[in-house]
Amino acid sequence: MPELPEVETIARGLAPVLRGRRVEAVWGSGLPLHLNRPVDLRALRAVAVGRTIRRVHRRGKYLLIEVEEAGAGIVVHLGMTGRLRVQPAEAPRAPHTHVVFTLDGGGELRFADARRFGWVAAGTPLAALAVLAALGPDPLSDLDAPRLRDLLAASRAPVKAFLLDQRRVAGLGNIYVAEALFRARIHPATPARRAASRAPALLDAIRAVLEGGIARRGTTLRDYVDADGNSGDNARALLVYGRQGGPCRRCGALIRRRVDGGRATFFCPKCQRR
DNA sequence: AAAACACCCTGCCTGC
DNA sequence: TGCAGGCAGGGTGTTT
């Protein structure tokens with residue numbers, strides 16, 4: 001599932017290939033993507049066609065492709081099964097390919113997404129997109145312990161729901177939240193405001209799991225591949241996610257799985273007490 | 001106002 | 001062997 005480390009890995013893989021390339025055309029499958037919304041091809045073409053890509057980076061889980069026009073660019077959200085690759089134009093397109101940017105020099109930037117939870121949109125400028133403007137601080141660059149403490153203290157939500165809310169902290173999904181809470185020894189159902197005093201440890205844990213995920217090039221459970229089509233290696237480093245019934249690597253107790261808000265939650269009942 | 005929940009989608013896996 | 005049903009969890013819109 002593309003969370004911050006997976007999007008970062010894709011951005012790092014795409015950046016050297018895309019930088020300096022000119023977009024010549026944009027194609028769409030015609031199928032709607034996220035929330036049954038059609039892709040606004042006209043807007044994509046207006047921003048991208050004839051322009052040169054200057055920068056490829058990430059904000060939270062959003063991939064940003066900036067063009068030469070000041071601040072303008074394309075934003076891609078990978079949803080659950082989205083894939084972004086640069087491939088030769090003559091190479092066969094993967095199933096569920098929905099948006100294709102033709103590049104000068106013969107390559108194509110292709111967005112494929114089996115479940116169509118992802119989306120692609122234009123921003124003029126990117127910063128004006130409401131979804132980006134609403135994002136909370138990036139835990140690797142814009143967050144410190146006092147700020148996290150204040151954010152936690154202001155929320156009545158369970159700490160797991162707090163961390164999944166992109167308006168609070170940007171980039172965490174179900175996998176890395178489970179891992180971070182385990183490392184910080186915080187039970188997922190703990191009210192956020194009661195976890196505020198442990199903000200320093202929680203921030204350390206968040207950074208450790210995200211940096212580990214990036215170092216291992218992302219977590220591949222089933223669908224995720226990087227910009228080169230390679231799986232990530234982080235799944236073997238997971239300590240609680242998907243390990244229900246297995247022994248805790250720290251204390252040996254059996255990892256539990258429960259469902260909160262319709263989402264699977266994994267934790268060690270001994271290391272993470274309420 | 002914030003929190004809880006339903007919903008979109010497809011592929012894979014399980015159980016009958 | 002075939003098929004129904006459950007599950008995966010991103011974000012958003014609606015309800016509580």
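Values reported hereafter were calculated over all heavy atoms of this structure, with side chains retained and with hydrogens, waters and symmetry mates removed. Chain naming here is simple, since letters A, B, ... match the order of the sequence lines and numbering starts at 1 in each.
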> Hey, does P158(A) reach any base, or is it just sugar-phosphate, or nothing, if we go heavy atoms under 4.0 Å?
Replying inline: sugar-phosphate
> Can you check the I175(A) CD1 to dG10(C) P distance for me, whole Å?
Replying inline: 7 Å
> Phosphate oxygens OP1/OP2 of dG10(C): is one of them under 4.0 Å from a side-chain N or O of H34(A)?
Replying inline: no
>> Distance to the ring centre below 6.0 angstrom and angle to the axis at most 45 degrees; does that hold for R93(A) and W27(A)?
In response: yes
>> Return whichever of G262(A) or H96(A) has its heavy-atom-nearest nucleotide of DNA chain B closer to the 5' end.
In response: G262(A)
> Using a cut-off of 4.0 Å on non-hydrogen atoms, how would the nucleic acid contact of S155(A) be classed: base, sugar-phosphate, or nothing?
Replying inline: sugar-phosphate
> Choosing from dA3(B), dT10(B), dG10(C), which nucleotide comes nearest the side chain of N174(A)?
Replying inline: dG10(C)
>> What's the gap between dG11(C) and dA1(B) when it is taken at their P atoms, as a whole Å value?
In response: 23 Å
>> Could you tell me how far apart L63(A) (CG) and dG11(C) (C1') are, to the nearest whole angstrom?
In response: 17 Å
>> In this structure, how many angstroms lie between the P atom of dG10(C) and the CG atom of L163(A), rounded?
In response: 13 Å
> Counting any heavy atom closer than 4.0 Å, what does R168(A) reach on the DNA or RNA strands: base, sugar-phosphate only, or nothing?
Replying inline: sugar-phosphate
>> Tell me the interatomic distance from R263(A), atom CZ, to dA6(B), atom P, rounded to whole angstroms.
In response: 12 Å
>> For Y62(A) and Q166(A), which I'm curious about, is there any donor-acceptor pair between the side chains at under 3.5 Å?
In response: no
> Can you find an N or O donor on one side and an acceptor on the other, under 3.5 Å apart, linking the side chain of R37(A) with the base of dG11(C)?
Replying inline: no
>> Distance check needed: dC8(B) C1' versus H98(A) NE2, whole Å only.
In response: 13 Å
> Contact class for R156(A) vs. all strands (heavy atom < 4.0 Å): base, sugar-phosphate, or nothing?
Replying inline: sugar-phosphate
> Looking just at side-chain N and O atoms, do H57(A) and E8(A) make a donor-acceptor pair shorter than 3.5 Å?
Replying inline: no
> Taking CG from L132(A) and P from dG10(C), how many angstroms apart are they, rounded to a whole number?
Replying inline: 18 Å
> Are any of Q166(A)'s side-chain N or O atoms less than 4.0 Å away from OP1 or OP2 of dG11(C)?
Replying inline: yes
> Can you find a side-chain donor-acceptor pair between D260(A) and T265(A) that sits under 3.5 Å?
Replying inline: yes
> For the pair made of CG in D165(A) and P in dA2(B), what is the distance, rounded to whole Å?
Replying inline: 10 Å
>> Using a distance-only criterion (donor-acceptor N/O pair, under 3.5 Å, no hydrogens), is the base of dC9(B) paired with the side chain of R116(A)?
In response: no
> Between dC7(C) atom C1' and R258(A) atom CZ, what is the distance in whole Å?
Replying inline: 19 Å
> Side chain of L35(A): nearest nucleotide among dG10(C), dC9(B), dG13(C)?
Replying inline: dG13(C)
> Is there side-chain contact between N230(A) and V225(A), with heavy atoms separated by less than 4.5 Å?
Replying inline: no
